[in-house]
Amino acid sequence: MIRVEVIIPLALDGLFSYAVPEALISEAPGFSVGCRVVVPFGGKRYYTGVVFSLDKEAEISAYKEVEQILDATPIIPEATLKQWEWMAYYYACPLGSILRDALPSGLLPESKTMLSLVEGFEAEEALPHAELLILDTLAEKGAMTTEQLERLVGRRLTRPLLRLIELGAVHTEEALQPRYRPKLARYLRLAPEYQEDEGALSTLFDGLSRAPRQAELLMAFLEALRETGQDHSGALHRSVLLEAVPKSEAQLRALIEKGILEQVLEPVSRLRAVEPSSRESSIADVEPLTHPVTLYYGHTAEDKERYILGQIAATLACGGQVLYLTSSVHSVPSAAGFMQRLAEIAGANYYPYHSLIGEAVRVETYLRLSKLDSPALVVGTRSAIYVPLPHLSLVIIDEEQEYLYKQQLVAPRYHARDVALWRAHQSGAQVLLTSLTPSAEVLFHALRGKYQLLRPESFSAETASQSQQVLPTIELIDLKRLRQLREVEWGHTLTPYLLEEIRSTIARGKKVLLLQNRRGYAPYVTCDACQTRLLCPNCDVSLTYHRTRAALLCHYCGYTAALPEACPSCGAIEVMTKSGLRPALRQVGYGIERVEEELKEKLPAYEVLRIDSDTFSSQKKRMELLEQIESGSAEILLGTQLIRNQPIWEGIGLIAVVQLDAVLGVPDFRSEERAYQLLHQLRLRSRAPREDCPRYLIQTSSTEQAFIKALQVGDYDTFINEVLAEREATNFPPFTRLTHLWLRGKDKRLLASAALVLSQYLKGLLPNERVTDPQIPDLARLEGYYQRQIVIRRPFQQSYREERAAFASALQQLRLSMPESKRLQIFFDVDPL
DNA sequence: AGCACGCCGACT
DNA sequence: GTCGGCGTGCTC
C-alpha cells in the first residue's frame with residue numbers, strides 16, 4: 001500500500017502517517033511529496049496537510065486514509081520542504097507551525113462543524129431552556145458553526161448540543177471551508193457540432209442571412225479566435241467579443257439561445273501585469289556582486305535605491321529570479337515611488353507578496369512562483385522568505401537591521417535575514433544586505449571579511465553636489481536641570497528653548513519633526529494617597545492612560561478599562577496637598593498624546609499631525625494621514641518610532657527628540673544600538689548644505705551618558721566598534737549566540753519548579769556556564785501567564801548540533817520526570833532580538 | 001490547536 | 001440532585 005507522512009498545520013511535533021487509497025492515486029498519477037492532501041485528524045476534523053514523504057511499498061497497517069488529494073502535482077518544491085525542515089530544526093519548533101506560517105491560508109482549508117436543524121423533529125418530552133434556545137436560533141438563522149451559535153446565544157453550549165445531536169434534533173456536518181476560490185469568467189465557444197465541420201458552419205451562416213447582426217457577431221467571434229491563435233474549438237472571453245462588436249448583447253443572447261455559441265465559466269488568473277518601464281535609461285550600471293554575501297553600507301537612501309535597482313535589473317536581464325524583502329510596504333502614491341520603480345523595472349515579471357495583496361492573489365502568486373522558470377522579482381515583507389522560486393539567484397534584504405524581520409510573537413520565531421542567508425547558500429544564490437545603519441552583527445561579519453563590504457565612497461554624478469552637504473550636529477537640552485530651575489512648566493515637557501526653536505523654524509517656512517517614543521497620554525497613573533500604580537490585571541505592567549479613547553490601556557494584552565474616580569487600591573478620591581485638595585489619581589509621564597496637547601496649547605497657530613500606532617491603526621487611517629502629510633498643510637509632524645518607516649517631508653528645518661529616555665526604552669544589550677540607528681537614520685535624512693542644514697535637538701534628563709557622547713560624535717562606525725567591543729567583553733552576539741528558553745503558565749509554583757528542573761537538565765547536558773538559572777523577565781506576567789526565562793549561550797563558531805540535541809533531550813527529560821509540566825507552555829526563541 | 005472525557009463546586 | 005466549569009490526554 002501507499003503510505004504518506006503528512007505535515008499537519010498545528011503546533012504538534014512529528015509527522016502523521018496515512019494510507020492513500022488506490023482510487024485517489026489513479027486520478028493523480030503525479031501525486032508525490034509536496035502535494036496537499038485533506039486528512040481526517042482527531043475525533044472529527046479535517047485538515048489540509050502537505051505530503052513530506054511517500055512510501056510506495058509500505059506494510060499494510062491500520063492507518064486512516066487520505067480523504068482527498070488537492071494537488072495533482074507538487075506545489076511545494078523539494079527545496080522549499082528542505083527550508084521548512086531546516087527552520088523547524090534551527091528555530092526548535094514543530095514543522096506544523098512552519099507550515100501554518102509558510103503557506104497562504106487560502107491553500108490550507110480546514111473543516112468546520114456546521115450545525116443544522118433536522119426537518120420534522122418532534123420532541124417527545126419538554127426540553128430544557130438552553131436546548132429550546134438552540135433550536136429557535138437554528139430555525140431562525142439557519143445552519144451555522146458552534147462558535148457562531150455560542151456567540152449568538154451568549155454562552156457555552158457543549159452539553160445541550162451533544163444532547164440535541166443524540167436526540168436527533170440537530171444534524172452536524174464537517175464541511176471543508178474553501179478559503180480560496182479561483183476567479184471565474186464567462187467564456188464563449190462554438191457549439192461542438194460546428195467546431196470541426198466547415199460545412200455545418202457555412203450552412204449556419206446561410207441560415208443567419210435574415211439576421212445580419214448575428215452573422216456579423218459570429219464572424220467577429222471567429223476572427224477574434226484566429227487573432228488569438230486558436231482554432232474553432234477555442235474559447236473567447238465574453239467581454240473581448242462585446243468590445244469588438246459594441247452593443248451586441250441581444251445578438252449574443254440569440255446566438256446562445258440557438259445553440260450556436262456556448263457560454264462556459266473558466267478560471268482566470270488574478271495576476272496582473274504591470275506596465276513595463278518607460279524609464280529604462282535611468283537604471284544605473286553596477287558592478288556584479290562577487291561574493292555569496294555582500295553588505296551595501298550606503299550614505300543616502302537615494303544612492304542605495306539606485307544601487308538596488310541596478311542589481312535587480314542586471315539579474316533579471318540574465319534571466320535570474322530576485323527576492324527583494326523590505327521591512328514595511330507603503331501605500332501612498334509618492335511614498336510608493338521606490339516600490340513603483342521596482343514594479344516598472346520588472347514589468348510582467350513583478351510579483352508583489354505582502355499584506356496589501358489580497359489573499360486570493362497571494363495564493364495564485366504562490367502557485368505561479370512554485371513552477372516558474374522565467375525571470376521574476378518578488379517584492380515582499382518578512383513572510384515572503386517562504387515563497388518558492390526554482391531559479392533564485394539574488395536575495396536582497398533592504399535595511400537589514402530592521403527588527404521587523406524577526407518574527408517575535410508566534411513560532412517559528414525566525415529572522416528573515418538569517419533564513420535568507422541559509423536559503424541562498426543552499427540554492428547557490430547571492431545575498432545583498434543593504435543598510436545606512438547596519439546591525440552590529442552584520443557589520444561585524446563584513447569587517448572580518450565574511451561578507452563583502454561595499455562602502456560607496458563617492459556619490460553618483462547626479463548627487464555630486466551633495467558632497468557639499470553636511471549632517472546636522474546634535475545639540476542637547478538638559479531637561480533635568482531646566483526642571484530644577486523651574487524653566488519647564490509643571491506637568492509639561494517641552495522646554496522654552498525647544499518651543500522657541502519650533503516657532504522660528506516655522507517662521508523660516510520650514511517644517512518640524514518631533515519624536516516622542518511613547519504611546520498614549522500618560523505612561524502610568526499613580527495614587528497620591530497610597531502610592532500605588534494602576535496595573536494591568538493580566539500583565540505585570542502599568543496601564544497607560546489614553547486620552548483620545550478616554551481609557552486605561554495595557555500595551556501588552558490590550559486590556560482596557562475606564563479611568564476610575566477612586567483609587568482601586570485604597571479607595572481615595574482626593575488627597576490634601578500644599579495647594580489644597582486634588583484628585584488622588586495622578587497621570588504621570590509624557591505620552592505622545594500629552595505632547596500633542598502641549599503643542600496645541602503653546603503653539604495654537606500650527607497644525608500638528610500625529611503618527612503612532614493609534615492614528616495608524618487601520619489601512620484607511622494610515623492612507624488619510626499620509627495624504628495629509630503629503631499635502632504639506634501641517635507644520636509639525638509628531639511621531640513615535642513608527643515614523644522611521646514613513647515617508648516624511650522634504651524641507652525639514654528642525655528635528656527634535658522630546659525625551660531621549662523614551663527612545664532608549666527598557667535597557668537591554670541592544671537598546672543603545674536600536675536607539676542610535678533610529679536617531680542616526682533621522683539625521684541622515686536631514687543631510688543638507690551647511691547654510692540650510694536643519695537643527696537637531698535632543699531633550700534628555702541625563703546628558704552625561706556615553707551613548708550621548710557617541711551620538712554627538714556622530715560616527716556610526718566608531719559607535720558600532722564600541723558596541724562590538726562591549727559585546728565581546730560581556731559575551732553577547734555576535735561573539736556568543738543566544739537562545740531564550742521561555743516557560744509560561746498560570747501556576748506560579750509549578751512554573752518555578754519546572755523552570756529550575758529544566759535549567760538543571762540543560763546544565764547537565766551542556767557546559768555549565770552556558771546555561772543560566774531561570775530568570776524572571778521584565779514582564780513577569782503576560783496575559784495572565786507567569787513567565788520564566790532560561791538563557792543559553794553558545795560561543796561564536798561552536799557547532800549548534802550538540803546544543804540543539806540538548807534542547808530536545810532536556811525537554812524530554814522534563815516531560816518524563818515532571819508530567820505536570822505539560823500544563824506549561826515551553827518554547828525556544830533562537831537568536832532573540 | 002481542538003475536542004472528548006471525567007472530576008468537582010454552585011445553584012434549584 | 002444536575003449543570004457547567006475546567007484539567008488532562010490524544011490526535012497517524
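A, B, ... follow the sequence lines: proteins, then strands. Residue 1 opens every chain. It should be emphasised that the depicted structure is a prediction, and the values quoted were computed from it without experimental measurement.
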Next item on the list: Using a 4.0 Å cut-off on protein heavy atoms (strictly under), produce a 5'-to-3' string for nucleotides 3-12 of chain C with B for base contact, S for backbone-only sugar-phosphate contact, and - for none.
Entry: -BB--S--BB

Note to self: Show every side-chain hydrogen bond (donor to acceptor under 3.5 Å, both in side chains) that has at least one partner inside residues 66-78 of chain A, sequence neighbours left out.
What the structure shows: Arg36(A)-Asp71(A), Thr73(A)-Lys371(A)

Margin query: Under the rule for side-chain contact (heavy atoms from CB on, under 4.5 Å), what residues qualify as partners of Gln789(A), not counting sequence neighbours?
Written below: His740(A), Trp742(A), Gln775(A), Val791(A)

Notebook entry, point to check: Can you list the residues that meet the side-chain hydrogen bond (donor to acceptor under 3.5 Å, both in side chains) rule with Thr560(A), with sequence neighbours excluded?
Noted result: none

Next item on the list: Could you verify whether a donor N or O on one side chain and an acceptor N or O on the other, from Arg794(A) and Thr739(A), lie under 3.5 Å apart?
Entry: no

Check: Is there any ring-ring contact (aromatic ring centres under 6.0 Å, His included) pair reaching into residues 5-33 of chain A, and which pairs are they, with sequence neighbours excluded?
Finding: Phe16(A)-Phe41(A)

Margin query: Rounding to an integer number of Å, can you tell me how far Glu110(A) CD sits from dG2(B) P?
Written below: 7 Å

Margin query: Quick one: does any side-chain atom of Thr326(A) pair with a main-chain N or O of Ser328(A) as donor and acceptor, under 3.5 Å?
Written below: yes

Check: Within this structure, what is the CZ-to-P distance between Arg45(A) and dC3(B), rounded to whole angstrom?
Finding: 4 Å

Next item on the list: Classify the angle between the aromatic ring planes of Tyr800(A) and Phe807(A) as parallel (below 30°), tilted (30 to 60°) or perpendicular (above 60°).
Entry: perpendicular

Notebook entry, point to check: With pairs taken as Watson-Crick or G-U wobble and both distances under 3.5 angstrom, which stems of at least three consecutive pairs involve DNA chain C?
Noted result: B:1-11 with C:1-11

Check: Lys44(A) has an atom NZ; how far is it from atom P of dG2(B), in whole Å?
Finding: 13 Å

Margin query: Between Arg744(A) and Leu824(A) (side chain of the first, backbone of the second, donor and acceptor by atom type, cut-off under 3.5 Å), is there such a pair?
Written below: no

